[in-house]
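See structure below.
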Amino acid sequence: MEKKKITIVGAGNVGATTAQWGAKKEIGHIILVDMIEGMPAGKALDLMQTGSVEDFDVNLIGTNDYKDTKDSDLIVITAGLARKPGMSRDDLQDANYKIVREVTEKIMEYSKNPIIMVVTNPLDVMCYVALKISGLKPEKVFGMAGILDTSRMRAFISMELGISKRDVFALVLGGHGDSMVPLPSYTTVGGINISKFLPKDKIDAIVDRTRKGGGEIVALLKTGSAYYAPAASVIQMADAILNDRKRVLPCSAWLTGQYGINETYVGVPIILGKGGVEKIIELDLTKEELAALQKSASEVKAQMSKLQI
Ligand code: TXD
């Protein structure tokens, strides 16, 4: 099968680490783009040489020129500012809006009908920017957040129980921010509901730590935000798309009435394949869970409406 072409815009922490996971997994030809002169080319060269030691063969180039992104199958947008300590995701909105707008315009000059996966924060709002500016169909523009938030919840449960992370499944819906909605009712260990393993107060503490999971890492790092788990999550989605795996994953998708939510990006379970968002799955939620999801979506919508697009 011919290798697909994946462009990663932003060769910073998340972008470069995404290229690293992607190269190791031979996910496709990788183009790493950044505005800083020479930097993406240097990182790509370094990474390409790693293939001799780590046994991978992919075409990997780094560039400042969008011409090199021509006919990409998948574009991952990580360009933008990362949160600094004390800075909320919302503080980022104005700065990153301009960046995501510019990047989307440039991408669309060279790729006719790509899939765009947004990573830049504030995530759900930036998906909307990419949707509007690209003019692509909503199923082709979506965001990575739910897999990361879920990975944090899974890890905290695994740490608490001393049970393999592989056997822990969790689900986090909603906007990628403080209003996210972790769902203990859909959280299982080896297929068994989490309530059989942990008392309510422990589950509540894990839910709370999950909500603040990004901030916990920002506070420790002092400069920048998390990137290993974010990059791994991007590659899980890229693999689902480029290999048409039809995986069921929580992602930020454009809702058109599902969950009583209309014309907003918010995290929900979807089926992800070569067409992008191939289906949005509507779960049965309790009244409280649904209300929390709708509240989270309305917060995203309020932020979206501040943009002049
Ligand atoms: O769950 C999620 N969606 C997230 C989101 C998880 C982790 C990080 N998340 C967000 O991704 C974060 O809040 C930021 O908004 C982005 C990128 O985070 P990263 O940690 O990679 O930031 P860096 O290391 O600062 O890298 C950003 C790069 C840097 O090299 C800039 O030069 C580049 O983006 N950049 C640009 N490239 C091209 N074009 C333009 N205009 C541009 N502006 C900045």
Side-chain angles (χ1 to χ4, degrees), residues 7-21 31-44 62-66 68-69 75-85 87-107 109 116-130 133 142-153 172 174-178 180 210-218 221-238 249-253 265-267 300:
T7 287
I8 302 167
V9 188
N13 281 338
V14 176
T17 313
T18 298
Q20 183 184 350
W21 289 113
I31 317 296
L32 197 54
V33 184
D34 204 284
M35 64 190 292
I36 300 175
E37 219 185 299
M39 181 270 261
K43 289 193 180 183
T63 180
N64 304 114
D65 187 347
Y66 280 81
D68 297 319
T69 71
I75 316 268
V76 180
I77 302 180
T78 78
L81 306 182
R83 268 197 303 167
K84 299 190 178 75
M87 192 181 186
S88 80
R89 286 196 173 87
D90 295 349
D91 294 337
L92 287 177
Q93 177 158 318
D94 287 344
N96 284 350
Y97 161 58
K98 294 192 187 82
I99 294 173
V100 171
R101 186 182 61 190
E102 179 204 312
V103 167
T104 308
E105 282 166 357
K106 288 185 174 161
I107 282 165
E109 275 179 46
I116 299 181
M117 186 201 310
V118 179
V119 181
T120 307
N121 274 327
L123 192 266
D124 309 279
V125 180
M126 293 303 123
C127 289
Y128 177 66
V129 175
I133 303 297
F142 44 85
M144 187 293 292
I147 300 172
L148 171 65
D149 295 328
T150 302
S151 78
R152 290 179 173 149
M153 190 164 170
V172 179
H176 184 53
D178 303 333
M180 71 177 74
T210 301
R211 278 211 190 94
K212 298 174 182 155
E216 184 179 354
I217 292 173
V218 168
L221 292 179
K222 312 267 188 319
T223 55
S225 54
Y227 51 98
Y228 292 114
S233 304
V234 170
I235 289 301
Q236 188 173 62
M237 288 175 66
L249 298 166
C251 303
S252 182
Y265 274 98
V266 77
V300 174

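Atoms within a ligand are numbered from 1 in the order they appear, just like the ligands themselves.
- Taking each of Ile147, Ile77, Val119 in turn, the one with a heavy atom nearest to atom 5 (C) of ligand 1 proves to be Val119.
- When each atom of ligand 1 is checked for a heavy atom of Pro230 under 4.0 Å away, the hits are 6 (C), 7 (C).
- For atom 27 (C) of ligand 1, the nearest non-hydrogen atom from the set Gly15, Ser151, Gly10, Gly80 belongs to Gly80.
- Distances below 4.0 Å separate heavy atoms of Ala226 from the following atoms of ligand 1: 7 (C).
- One finds the OH atom of Tyr66 at 10.5 Å from the CD atom of Glu105 (value rounded to the nearest 0.5 Å).
- Listed by atom number, the atoms of ligand 1 under 4.0 Å from His176 heavy atoms are 1 (O), 2 (C).
- Counting only distance, with no hydrogens or angles, the side chain of Arg101 and the backbone of Val129 share no donor-acceptor pair below 3.5 Å.
- Taking all heavy atoms of Asn64, Leu81, Thr18, Asn13 into account, the minimum distance to atom 12 (C) of ligand 1 is reached by Leu81.
- The nearest non-hydrogen atom to atom 16 (C) of ligand 1, considering only Thr78, Val100, Val33, comes from Thr78.
- Nearest to atom 26 (O) of ligand 1 by heavy-atom distance, out of Ala11, Gly12, Gly146, is Gly12.
- For the atom pair Thr223 OG1 and Asn13 CG, the distance stands at 8.0 Å (nearest 0.5 Å).
- Judged by distance alone, with hydrogens and angles left aside, the side-chain atoms of Thr69 form no donor-acceptor pair with the main-chain N or O of Ile107 at under 3.5 Å.
- At least one heavy atom of Met39 sits closer than 4.0 Å to an atom of ligand 1.
- Polar contact check, Asn121 against ligand 1: a nitrogen or oxygen pair lies under 3.5 Å apart.
- Using a 4.0 Å cut-off between heavy atoms, Ser233 makes no contact with ligand 1 at all.
- Under the 3.5 Å distance criterion, the side-chain polar atoms of Thr7 are left unmatched by any main-chain donor or acceptor of Ile75.
- Between Ser225 and Val218, the closest heavy-atom pair is CB-CG2, 3.6 Å.
- Between Glu102 and Lys106 there is a salt bridge, with a side-chain nitrogen of the basic residue lying less than 4.0 Å from a carboxylate oxygen of the acidic one.
- In summary, the atoms of ligand 1 found under 4.0 Å from a heavy atom of Leu148, numbered by their order in the structure, are 1 (O), 6 (C).
- Looking at heavy atoms from C-beta onward, Val33 lies out of side-chain contact with Pro40 at the 4.5 angstrom threshold.
- The heavy atom nearest to atom 21 (O) of ligand 1, considering only Val14, Val118, Val9, is found in Val14.
- Every atom of ligand 1 is numbered from 1 in the order shown, and the set under 4.0 Å from a heavy atom of Glu102 is 41 (N).
- Distances below 4.0 Å separate heavy atoms of Ile36 from the following atoms of ligand 1: 32 (O).
- Close approach of ligand 1 to Asn96 is summarised as follows: ligand atoms under 4.0 Å from at least one heavy atom of the residue are 15 (O).
- One N or O on the side chain of Asp124 and one on the backbone of His176 form a donor-acceptor pair closer than 3.5 Å.
- Judged purely by atom type and a 3.5 angstrom limit, Ser252 has no side-chain atom pairing as donor or acceptor with the backbone of Met144.
- A donor-acceptor contact shorter than 3.5 Å links the side chain of Asn64 to the backbone of Asp34.
- For the pair Leu32 and Gly15, the tightest heavy-atom approach, listed with the atom from each and the gap, is CD1-O, 3.8 Å.
- A heavy-atom separation below 4.0 Å is not found between Gly224 and ligand 1.
- Geometrically, ligand 1 and Ala79 share no nitrogen or oxygen pair separated by less than 3.5 Å.
- Listed by atom number, the atoms of ligand 1 under 4.0 Å from Leu123 heavy atoms are 3 (N).
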